[in-house]
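Let me begin by presenting the structure, written as structure tokens, before commenting on it.
Quick caveat: nothing in here was measured; it's all calculated off a predicted structure. Chain naming here is simple, since letters A, B, ... match the order of the sequence lines and numbering starts at 1 in each.
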Amino acid sequence: MTGDLKIRVRGLCKSFGRKVVLKDLDLDVPRGESLVVIGGSGTGKSVLIKCIIGLMKPDKGSIEIDGQEVTRMSAGEREEIMHKFGMLFQGGALFDSLPVWENVAFGLIAGQGFNRVEAKEIALRKLGAVGLGSDVAQLYPSELSGGMQKRVSLARAIATEPEIIFFDEPTTGLDPIMSQVINELIKKCVEDLGATALSITHDMHSLRVIGDNAAMIYDGRIIWNGAAQDIDRSGNSLVDQFVQGKAEGPIKMPVRPL
Amino acid sequence: MPLLQPLGRTFLDGLSAIGRLALFTLRAILLAVRPPYYPRLILKQMIEIGYYSLPVVGMTAVFTGMVLALQTYTGFSRFNAETAIPNVVVLSICRELGPVLAGLMVAGRIGAAMAAELGTMRVTEQIDALVTLSTNPFKYLIAPRLIAGIAMLPVLVATADVIGVLGGYLVSAYKLGFNPGSYLQNTVDFVEFLDVFSGLVKAAVFGFIVALMGCYHGFHSRGGAQGVGKATTNAVVSASILILIANYIVTELFFSR
Ligand SMILES: Nc1ncnc2c1ncn2[C@@H]1O[C@H](COP(=O)(O)OP(=O)(O)O)[C@@H](O)[C@H]1O
Ligand SMILES: [Mg+2]
């Protein structure tokens, strides 16, 4: 049934020098679904997304987007596939040399050939959709608070109406209320676009809001996946420890007593 | 053999670094000549490099011209050859000191700024973000800087030539007692096309080197603020050294016959 899969990853391996980050990872994201990947810091969640999107070259394995193998594509074909993607980066990654509206309009101008006037109009509408007024549009990213930056990044990620959107820790570093605002925005945007979403989070609340399905990455592999609402009944001790946030359990943190 | 091992490793690392740089350069040039072009960004870089470097380069040139006249006078007066001062000043400035000093100053100013800007963009994932927004970072970030560097350094150096000669003139006319009119006449009569032209060719080469080093080190920086700092230092040092090497090579090509 690969026809129904938007993203299909098989046997993905990625190491940096001697450090093995992903080993033999398999992952499926069905069309139109929102999958949330959880896992500890440094387990390779961002690396996984970057491999799928083509920002990093995997050492081994297969990645299919819409049934098309992307790991052996030429640069030109890659650029075509890139039009399908939108990404909200972990740190926002807003262009600090450009005002907010140009950040949001960037993909429209560069990738879809809109002129600046049209693109600005669309950008203002997208900013409105994430609750930012036109007064913010002229500001530079460094003049915004963390929550506003996240919202601008979100607006930029969805501006080109991509088929697949990646969210890398969209709520990390935000207060609970702003987190919830972002979660609901993500849920709404993904639903409105009918997009497929792959999100990363540590935030259990976020997972329950934005995820249809959930998967946990540990030791370079996906060790559990299932429906997001079943995360509390996973029957997997690693998942239980993560969800309940316990220091004691099968996942050992290498800390020595003081 | 353990003694030779680090030596061999350093040698191999050096070779692969040269290979990486060559590939980067080739890619940058190939992509710079293909659309889309970004005239807005090229203009911005041209202003940054050409206009905002003027004060630094002008100051360097005027004092170099002044000290050149003074030193030549103290040296040449021993042979009663003071009349050669205008010739020495204009030749040194146009052929060597103008392009080299302007190149080195711009390496410090622009090479560092480019490395820091691109380095910050790299470590904050802005370069990755460019890629996801269907934009090739080589075309968007690197090509405008290379083009602006190649185009603007000759303009800067031409200005530096004039200002440098003026510096020499000021010292000669008002301190060393030269006749102002005949000093300038001497200068203009003596200087040849090739003297100025070779300097401007050098300038274009140096502009390319500065922009390339700034972009290369910035683009490949990693590891946060410390990495950006290292990239900046490397950009300035490598650009300066390459400028001095290229200076010799271009001089050799123009004048050794
Ligand atoms: N470009 C890189 N070079 C070297 N190591 C990297 C690089 N990117 C990530 N890593 C390493 O890969 C591991 C996983 O990183 P990452 O995917 O960012 O973790 P997270 O799950 O927190 O997003 C980390 O240990 C990190 O040190
Ligand atoms: Mg991460």
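Annotation for B:Leu133 and A:Ala110: closest pair O-CB, 3.8 Å, computed over non-hydrogen atoms. When all heavy atoms of B:Glu125 and A:Gln90 are compared, the closest pair comes out as OE1-N, 4.0 Å. Residues A:Met87 and B:Thr132 come closest through the heavy atom pair CB-CG2, 4.3 Å.
Distance CZ/A:Phe106 to CG/B:Leu130: 5.0 Å, rounded to 0.5 Å. With rounding to the nearest 0.5 Å, the separation of CD1 in A:Ile49 from CG in B:Asp128 is 12.0 Å.
Side-chain contact between A:Glu79 and B:Ser134 is absent, with no heavy-atom pair separated by less than 4.5 Å. Inter-residue side-chain proximity for A:Leu94 and B:Gln126 is flagged as unmet; no heavy-atom pair is nearer than 4.5 Å.
Contact annotation for A:Leu88: neither backbone nor side-chain heavy atoms come within less than 4.5 Å of a heavy atom of chain B. Contact annotation for B:Ile127: neither backbone nor side-chain heavy atoms come within less than 4.5 Å of a heavy atom of chain A.
Ring centroids of B:Tyr140 and A:Phe95 are separated by 6.0 Å or more, keeping the two rings apart.
Few gaps surround CZ on A:Phe16; more than 12 heavy atoms of other groups in view lie less than 6.0 Å from it. Residue B:Tyr37 places its OH atom among more than 12 non-hydrogen atoms of other residues, nucleotides or ligands, all under 6.0 Å distant. In A:Arg10, the CZ atom is crowded: over 12 heavy atoms of neighbouring residues, nucleotides or ligands sit closer than 6.0 Å. The neighbour count for B:Lys44 NZ, taken as heavy atoms of other residues, nucleotides or ligands under 6.0 Å away, does not exceed 12. Counting non-hydrogen atoms of other residues, nucleotides and ligands closer than 6.0 Å to CD of B:Gln226 gives a total of 12 or fewer.
Between chain B and the residues A:Ile53, A:Thr160, A:Asp96, the most heavy-atom pairs under 4.5 angstrom are made by A:Asp96. With respect to chain B, the highest number of heavy-atom pairs below 4.5 Å among A:Arg78, A:Arg156, A:Gln112 belongs to A:Arg156.
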